[in-house]
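Heads up: the structure comes next, in structure tokens.
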Amino acid sequence: MKLHISVLLKFLLTLGLLLLTQIPMYFLNTSIFSVDGFADVFSIFLGSLRFGIAATVVYLSFFIVLSLLPIPIRQNKYYKRLCNFFYVVGTILILALSSIDLAYYKFTYKRITYDFFSYLGVGGDFKELIPQFARDYWHIVIIFVILTIIFHFLRKLIDKKFSSELIIPNAKWYLKNSLLFIFITGIFFIGQRGGLQLRPISIVHSNYYTSSQNTPLVLNTPFTLYRTWGVTGVEPKDYFKDQKELRLYFDPIIHPTDKQTDSLFTQPLEIGKTNIVVIIVESYSQEYMNGYTPFLSSLAQKSIVFNGYANAKRSIDGVPAVLSSLPLLSEESFIISQYGSNNLSSFASLLKPFNYKSSFFHGGYNGSMGFDAFSKNIGYDDYYGRREYNNDKDYDGNWGIFDEPFLQYMVRELDHYKEPFTSTVFTLSSHHPYTIPTQHKDRFPKGTMIVHETVGYADYALQRFFEEAEKKPWFNNTLFIITADHSAATQEEEFTTLLGKFRIPIIFYHPKLKQGIKINKTIQQADILPTAMAMIGYPKPFVAFGQNAFTEADKPYILYVSGEYMLVEGDYLCKYNEGLESKLYFLPNDVNAKNDIGKENKDILKRMTLKIQAIIQEYNARLIENTLVIKDEKR
């Protein structure tokens, strides 16, 4: 048993030293973090412990497995040296990575991830800068040296007291050590996963323990590095050497402008006096409003309606586009990527300084697609899921709580919020397998597609929501935004074209709107946030990859599908694949983009290609550098 105690103590030693590095991480960056009282400290510690165990198991895995293997050779001095080698290397690597990030963190506001190595080669001067970094951050070097000395002293102490082991290789010894090997490695395996939940913990789960501003105190660099290893993320681009030239084609900073919508309402919408409720309907194509959504169609007649397009085809990508003006422009979804804990603007974060309380509702399993952690990361105060609903009588048997009762629940919960507030709900009933509550069977038109009946039910659920909401005192002060996470199956010709398949409703409704308005402009999900902020007179700049839909300029629509970027501007569509020639199409005559007219319209092709490159360069740089918010906005 001495050997097993030795392995455990060495593991705890490395884990303890890793946790110890969180202390200088905090004190070297006190202006960045905001830890609120003992409860927050304790929660951060629990999160640090969970992520620390996961990282320590990974980095010491060779040492743990080789040391515990039930084989007699483990008493051989050379075998012991091999085990010790893996232990020392693993621990020193943990301490080195953690120490480096003590200095590097303040530049990116995030823990080092795999994309860090992409930056080492940019500019070609990294080796020359190492001596300068060592001089500038001499205190980090001292911290690393002290930790290393402590490690070697305690390691030798453990070896001295628990090194000897008597091995009698008989059947009893093999049985006992085999069972111990299975049991102990099983415990370590659970620790590496972060528990017995369905999926191993990832970076975004750090938001369970504290605000997004403090998640680096929960995470550790060894964890974020191995969790993103091999996931290349996005690469820094340098299409434009001059930032001024880049800004000529795309500027992601949204600046306050004169309100252009006041005349549309009986009373101008004002920040601090206008609640905002965002309703994201699951899998809802614009086509469905042609006969299957009597309520939403009638509401649209009293609303501001645009030609809406989705920025992606998955819920996990649509939600960031709607709430944070962040379209999918890379292979990996933001929420589950190595950038998942980056700072990001949203309705909640932008409005928080103006005393808005915020909430996110989703009737699915808590943890579904990481929406609970994501909503917390982008500043939402409260999350309401199936667990909080706490009544599985309304469970649909597949995804979560049926839309009608869950939306009624949302109305009741919003009654507890003091105005102003902002809230988002993401529905689920219009998702495959299209389940309908028993009491509503055969109530809605079955239509010609399997989805049509559940679209009718989802529409009815929205009707019941608005019927209850309009009885509330906050209703007349609320801007409602209705859209979809993405489009779904379609059959009408208009909605089966290259871009028609991405058509979704984008509707702005306020009880004080004088009359319904149909604005024949193309807008994307990423335009929703800047448009809403402009309507209420948001007074500060913020980062967004969309635009205010009420400005006169053509609204670009950006889409990334299977490695190809597509930009729509006015009547033209440009397709861009890095390393290949761009292509240009005139959509009124070529809805499925078959006829490349780039050679005849070189100026338009060049301008649109440069705009795509500017968007990509900004997008990649802001993901890597964690600059998706204005510095003062960081939570």
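In this text, all values refer to a predicted model and were calculated from it rather than measured experimentally.
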Between Y565 and Y560, is a ring-ring contact (aromatic ring centres under 6.0 Å, His included) present by the stated rule, with each step listed? CA-CA 5 Å; Y565 298 90; Y560 179 80; 4.7 Å; yes
I would like to know whether N595 and I597 meet side chain to side chain contact (heavy atoms under 4.5 Å, CB included); could you show each step before the answer? CA-CA 6 Å; N595 181 29; I597 59 169; 3.9 Å; yes
Could you walk me through whether T113 and T228 pass the side-chain hydrogen bond (donor to acceptor under 3.5 Å, both in side chains) test, one step at a time? CA-CA 6 Å; T113 48; T228 59; 4.8 Å; no
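Residues N592 and Y585 are not in side-chain contact: their nearest non-hydrogen atoms beyond the backbone lie 4.5 Å or more apart. Residues L328 and F334 are not in side-chain contact: their nearest non-hydrogen atoms beyond the backbone lie 4.5 Å or more apart. Using a 4.5 Å heavy-atom cutoff, the side chains of P256 and M533 are not in contact. Between I504 and S487, the closest side-chain pair of non-hydrogen atoms falls below 4.5 Å. Within the 4.5 Å cutoff, side-chain heavy atoms of I630 are placed close to those of V543. L584 places a side-chain heavy atom less than 4.5 Å from the side chain of M608. Between Y59 and T91, the closest side-chain pair of non-hydrogen atoms is not below 4.5 Å. Counting heavy atoms from C-beta outward, V278 and L323 have side chains that approach closer than 4.5 Å.
Every residue two or more places apart in sequence or in another chain that forms a salt bridge (Lys or Arg N to Asp or Glu O under 4.0 Å) with D317 is listed here: R314. Scored by the side chain to side chain contact (heavy atoms under 4.5 Å, CB included) test, D238 finds K241 as partners (sequence neighbours excluded). Partners of R503 according to the salt bridge (Lys or Arg N to Asp or Glu O under 4.0 Å) rule, which considers only residues two or more places apart in sequence or in another chain, are E494. Residues satisfying the salt bridge (Lys or Arg N to Asp or Glu O under 4.0 Å) criterion with E564, sequence neighbours excluded, are absent altogether. For R193, the salt bridge (Lys or Arg N to Asp or Glu O under 4.0 Å) criterion is met by no residue, not counting sequence neighbours.
Paired with D101 under the rule side-chain hydrogen bond (donor to acceptor under 3.5 Å, both in side chains), one option of T221, N220, T224 passes, and it is T221. The only option from V35, N29, I23 that meets the side-chain contact (heavy atoms from CB on, under 4.5 Å) definition with L217 turns out to be V35. The only member of F361, F426, F360 that meets ring-ring contact (aromatic ring centres under 6.0 Å, His included) when paired with Y384 is F361.
Ring centroids of F240 and Y249 are separated by less than 6.0 Å, placing the two rings close together. Residues Y380 and F374 keep their aromatic ring centres 6.0 Å or farther apart. Aromatic ring centres of F33 and Y105 lie closer together than 6.0 Å. Annotation: F306 is in aromatic contact with F550 [ring centroid separation under 6.0 Å].
Under the 6.0 Å distance and 45° angle rule, K376 does not count as a cation-pi partner of Y383.
Taking all atoms of both residues into account, the shortest heavy-atom contact from N548 to A534 is ND2-CB, 3.4 Å. Closest non-hydrogen pair, G318 versus Q525, comes out as CA-OE1, 4.0 Å. Across every non-hydrogen atom of L428 and G364, the tightest pair is CD2-N, 3.4 Å. Counting all heavy atoms, side chain and backbone alike, N343 lies closest to N626 at N-OD1, 3.0 Å. The two atoms that bring G598 and L605 nearest to each other are CA-CD2, 3.9 Å, heavy atoms only. Listed here is the closest heavy atom pair of S315 and M369: CB-SD, 3.7 Å.
Note that OG of S285 is 11.5 Å distant from NZ of K501, once rounded to the nearest 0.5 Å. Atom CD1 of I276 is separated from atom OG1 of T424 by 9.5 Å, given to the nearest 0.5 angstrom. Expressed to the nearest 0.5 Å, how far CG of L628 lies from CD1 of I378 amounts to 12.0 Å. Once rounded to the nearest 0.5 Å, the distance linking OH of Y576 with CD1 of I615 reads 12.0 Å. To the nearest 0.5 Å, atoms CG (N342) and CD (E625) are separated by 10.5 Å. To the nearest 0.5 Å, the span separating CD on E569 from CD1 on I604 amounts to 10.0 Å.
H139 and Y137 have tilted rings, their planes meeting at an angle from 30° to 60° on a 0 to 90° scale. Taking the six-membered ring where the residue is Trp, H205 and Y208 present tilted rings, their angle falling between 30° and 60°.
Between the side chains of S324 and S345, no donor-acceptor pair of N or O atoms lies under 3.5 Å. Side-chain N/O atoms of Q524 and N311 include a donor and acceptor closer than 3.5 Å. There is no side-chain donor-acceptor pair under 3.5 Å between D382 and S359. Side-chain atoms of Y26 and N214 form no donor-acceptor pair, as typed in the model, at a separation below 3.5 Å.
The environment of F62 atom CZ is sparse: at most 12 non-hydrogen atoms of other residues, nucleotides or ligands sit within 6.0 angstrom. Within a 6.0 Å sphere centred on CZ of R199, other residues, nucleotides and ligands contribute 12 heavy atoms or fewer. Environment of CG in D242: crowded, with over 12 heavy atoms of neighbouring residues, nucleotides or ligands closer than 6.0 Å.
Of the possible donor and acceptor atoms, none in the side chain of N377 sits under 3.5 Å from a partner among the backbone N and O of A373. For the pair S325 (side chain) and F545 (backbone), a donor-acceptor distance under 3.5 Å is present. Counting only distance, with no hydrogens or angles, the side chain of T56 and the backbone of I53 share no donor-acceptor pair below 3.5 Å. A donor-acceptor contact shorter than 3.5 Å links the side chain of D372 to the backbone of G367. Q617 contributes no side-chain N or O that, together with a main-chain N or O of I612, makes up a donor-acceptor pair within less than 3.5 Å. Under a 3.5 Å cut-off, the side chain of Q613 and the backbone N or O of Y239 do not form any donor-acceptor pair. In this structure, T483 contributes its side chain and V322 its backbone to no donor-acceptor pair below 3.5 Å. A donor-acceptor pair under 3.5 Å is absent between the side-chain atoms of S358 and the main chain of T422, judged by distance alone. Between the S333 side chain and the I336 main chain, no donor and acceptor come within less than 3.5 Å of each other. At distances below 3.5 Å, not a single donor-acceptor pair connects side-chain atoms of D40 with backbone N or O atoms of T210.
For residues 614-623, the set of pairs meeting the salt bridge (Lys or Arg N to Asp or Glu O under 4.0 Å) definition, not counting sequence neighbours, comprises R247-E618, E618-R622.
D596 and K575 are not joined by a salt bridge, as no carboxylate oxygen comes within less than 4.0 angstrom of a charged side-chain nitrogen.
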